[in-house]
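Below is one structure, written out as structure tokens; comments come after it.
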Amino acid sequence: MKFIYNLEKKEANTKARLGSFEYNKVKYETPMFMPVGTQATVKTLSPEEVRGLGSGIILANTYHLWLRPGEDIVSLAGGLHKFMNWDGPILTDSGGYQVFSLANPKDISEEGVKFKNYLNGDNLFLTPEKSIAIQNKLDSDIAMSFDECPPASASHEYMEKSIKRTLRWAKRGKDVHNNPNQMLFGIVQGGPYEDLRKFSAEETVKLDFDGYSIGGVANDGESKKYMYDAIDFSIPYLPEDKLRYLMGVGDPIDLIEGSIRGIDIFDCVIPTRLARHGHAYTKYGKINVKNAKYKEDFSPIDKTCDCYTCKNYTKAYIRHLIVCEETFGARLLSIHNIRFLIKLMEDIRESIKNDNILELKSEFIKNYYGGNYEEK
RNA sequence: CCGGGAUUGGUGAAGUGGCCUAACACGGCAGAUUGUGGCUCUGUUAUUCAAGGGUUCGAAUCCCUUAUCUCGGC
């Protein structure tokens with residue numbers, strides 16, 4: 001269902017902003033971090049657990065649900081919320097990222113994008129109209145426009161061509177969007193180019209979406225500067241009364257830097273992917289729990305963490321689970337890593353209320369990087 | 001006791017005189033991972049071939065001794 005974003009407060013020293021919205025009689029605050037549940041599940045976790053971590057919106061993926069089980073089945077189930085037993089807000093990504101990750105440039109045409117079904121090799125064709133139709137049926141609360149997500153290495157010339165086509169796709173998607181309970185967000189692209197970001201942002205806003213996102217900053221090993229520039233070049237042209245969503249981010253420091261620049265929503269697969277590979281965030285930096293030095297370490301991952309994992313399990317035990325490829329290990333680390341990011345967002349919101357987000361940032365850097373962080 | 005076969009890293013093993021400072025795989029150690037392919041990727045891991053001696057310009061590869069394992073005979 002739709003909800004209204006309220007801008008509550010601007011931080012005194014930065015562009016950071018505190019906001020909120022009400023959904024299903026529950027109040028949610030921004031900036032927030034969305035856990036990713038590509039295939040209608042946050043990998044290894046139950047909805048109750050995801051909720052318990054303090055999650056707000058969660059993200060699901062149009063492309064994956066289109067292939068399996070198919071939008072008709074989700075629709076038959078009564079929509080994505082009922083299907084996956086999640087009563088909070090859901091945002092669906094449009095499949096635009098898969099244009100980057102699963103298709104070649106030559107497969108992209110004005111009409112849409114040719115894909116190979118990664119499951120069975122079938123030829124697939126996704127268009128803006130198709131993406132929106134699928135999302136309408138999935139019945140998520142926020143649908144994303146179908147965009148091209150060009151690689152960071154794209155030239156100014158290609159990028160300009162690409163953002164103009166993405167704008168035409170955005171318009172086509174908006175024209176066919178017909179779920180009255182669903183919002184639709186536009187996506188700003190333009191790589192690291194100031195003129196293109198400005199153009200993309202202004203033109204996207206003219207199409208009048210329910211919210212706006214900044215894309216193309218976290219898919220190709222872009223530098224921090226690339227990402228921060230992309231945000232800085234886009235934000236000034238986005239309306240204050242709409243949500244701003246930075247797609248695919250991310251890294252704890254990026255959540256802080258993004259918030260400082262005026263971002264309201266983030267999403268990222270990294271906490272759960274790192275968890276599956278045995279890595280964990282801590283106040284004093286990221287650790288690899290598989291490291292031999294934790295064999296006999298019977299202390300929690302992070303003494304300062306309030307999550308279920310840290311309150312009940314030791315590094316030695318989790319290491320054992322990860323080494324043995326027991327799914328419970330991935331579960332415990334997913335719980336911890338998501339909680340770590342959500343707690344960070346809670347701290348960020350608190351710092352916006354107190355007008356001291358820059359202090360939070362320097363304190364975080366001091367602890368997390370131990371003085372080895374270079375601002376680029 | 002006699003005769004035959006064997007012995008290469010943590011594991012399975014390739015290699016039968018020079019391209020062996022020893023293939024490949026697994027494991028180990030470490031790193032990567034940003035709108036999720038639970039896939040994966042990248043480093044690294046035996047200067048040494050059971051031990052010792054010999055032949056040779058050159059030996060994991062040939063010879064001898066010892067040790068251990070194994071098969072057959074008494």
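Note on naming: letters A, B, ... go to the chains in the order of the sequence lines (proteins, then strands), and numbering restarts at 1 for each one.
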Atom C1', compared across B:A50 and B:A60: separation rounded to whole Å
12 Å

B:G54 to B:C19 separation - P atoms, rounded to the nearest Å
23 Å

Heavy atoms from C-beta onward define the side chain here; which of B:G38, B:U33, B:U36 lies closest to that of A:Leu274?
B:U33

Name the orientation class of the two ring planes belonging to A:Phe3 and A:Tyr23 (parallel below 30°, tilted from 30 to 60°, perpendicular beyond 60°).
perpendicular

Short N-O contact, A:Lys242 and A:Asp210, less than 4.0 angstrom
no

Base, sugar-phosphate, or nothing: which does A:Asp251 touch, judged by heavy atoms less than 4.0 Å apart?
base

Sugar-phosphate only, base, or nothing, as touched by A:Gly216 at under 4.0 Å among non-hydrogen atoms
base

In whole Å, what separates the C1' atom of B:U55 from that of B:C64?
11 Å

Residues A:Lys9 and A:Asp355 bridged, charged N to O under 4.0 Å:
yes

Can you check the distance between B:G18 and B:U61, where both ends of the measurement are the C1' atom (answer in whole Å)?
11 Å

Using the side-chain heavy atoms of A:Ala218, tell me which of these nucleotides is nearest: B:U34, B:G31, B:U36.
B:U34

Watson-Crick or G-U wobble partner for B:G58, using a 3.5 Å limit on both distances?
none

Lys/Arg-Asp/Glu bridge criterion (N-O < 4.0 Å) met for A:Asp122, A:Lys116:
no

Gap in Å between the two P atoms, one belonging to B:U34 and one to B:C39, rounded
14 Å

Ionic contact status for A:Asp175 with A:Lys171, cut-off 4.0 Å:
yes

If you assign A:Thr327 and A:Ser145 each to the RNA chain B nucleotide with the nearest heavy atom, which residue ends up on the more 5' nucleotide?
A:Ser145

Name the nucleic acid region contacted by A:Asp147, choosing base, sugar-phosphate or nothing; use a 4.0 angstrom heavy-atom cut-off, strictly under.
base

Selection from B:C29, B:U36, B:U33 that lies nearest to any side-chain heavy atom of A:Thr272
B:U36

Note: A:Arg331-A:Glu49 ion pair, threshold 4.0 Å (strictly below)
yes

A:Arg273 side-chain N/O to B:U34 phosphate OP1/OP2 under 4.0 Å:
yes

Using only side-chain N and O atoms of A:His277, determine if any of them is under 4.0 Å from OP1 or OP2 of B:C39.
yes

Could one point to a donor on the side chain of A:Arg276 or the base of B:U36 with an acceptor on the other under 3.5 Å away?
yes

What nucleic acid atoms does A:His64 come within less than 4.0 Å of, heavy atoms only: base, sugar-phosphate, or nothing?
sugar-phosphate

Is the shortest distance from a Lys or Arg side-chain nitrogen in A:Arg276 or A:Glu326 to a carboxylate oxygen in the other one below 4.0 Å?
no

Flag for A:Asn136-A:Gln182: side-chain donor and acceptor within less than 3.5 Å:
yes

Under 4.0 Å between any heavy atoms, over every strand shown, what does A:Gln39 touch: base, sugar-phosphate, or nothing? Just pick one.
nothing

Of the listed B:G28, B:U36, B:U34, the closest approach to the A:Asp93 side chain comes from B:U36

So if I apply the salt bridge (charged side-chain N to carboxylate O under 4.0 Å, His left out) rule between A:Arg168 and each of A:Glu110, A:Glu129, A:Glu148, which one comes out positive?
A:Glu110

Classify A:Leu102 by what it touches in the nucleic acid, base, sugar-phosphate, or nothing, heavy-atom distance under 4.0 Å.
base

For A:Leu246, answer base if it contacts any base atom (sugar-phosphate contacts may also be present), sugar-phosphate if it contacts only those atoms, and nothing otherwise; contact means non-hydrogen atoms under 4.0 Å.
nothing

Closest nucleotide among B:U34, B:U36, B:U33 to the A:His279 side chain:
B:U33

Whole-Å P distance, B:A23 and B:U47:
12 Å

Is there a Watson-Crick or G-U wobble partner for B:G12 with both distances under 3.5 Å, and which nucleotide is it?
B:C24

Pairwise P distance for B:A6 and B:A14, with rounding to whole Å
13 Å

Judged by modelled atom types alone, do A:His279 and A:Asn337 share a side-chain donor-acceptor pair under 3.5 Å?
no

Is any side-chain N or O of A:Arg68 closer than 4.0 Å to OP1 or OP2 of B:G37?
no

What's the CD-C1' distance between A:Glu222 and B:U33, to the nearest Å?
13 Å

Considering only B:U34, B:U36, B:A30, which nucleotide approaches the side chain of A:Val249 most closely?
B:U34

Contact list please: residues 185-197 of chain A against RNA chain B, heavy atoms, distance less than 4.0 Å, in numerical order.
A:Ile187, A:Gln189

When both hydrogen-bonding distances must be under 3.5 Å and the geometry is Watson-Crick or G-U wobble, what is B:G5 paired with, if anything?
B:C69

Paired with B:G43: which nucleotide, if any, by Watson-Crick or G-U wobble criteria at under 3.5 Å for both distances?
B:C29

Candidate nucleotides B:G31, B:C29, B:U36, ranked by approach to the side chain of A:Asn291 - the nearest:
B:G31

Candidate nucleotides B:C29, B:U36, B:G37, ranked by approach to the side chain of A:Lys43 - the nearest
B:U36

Quantified in whole Å, what is the P atom distance between nucleotide B:A22 and nucleotide B:G10?
15 Å

Check whether the side chain of A:Asp254 and the base of B:U34 form a donor-acceptor pair under 3.5 Å.
yes

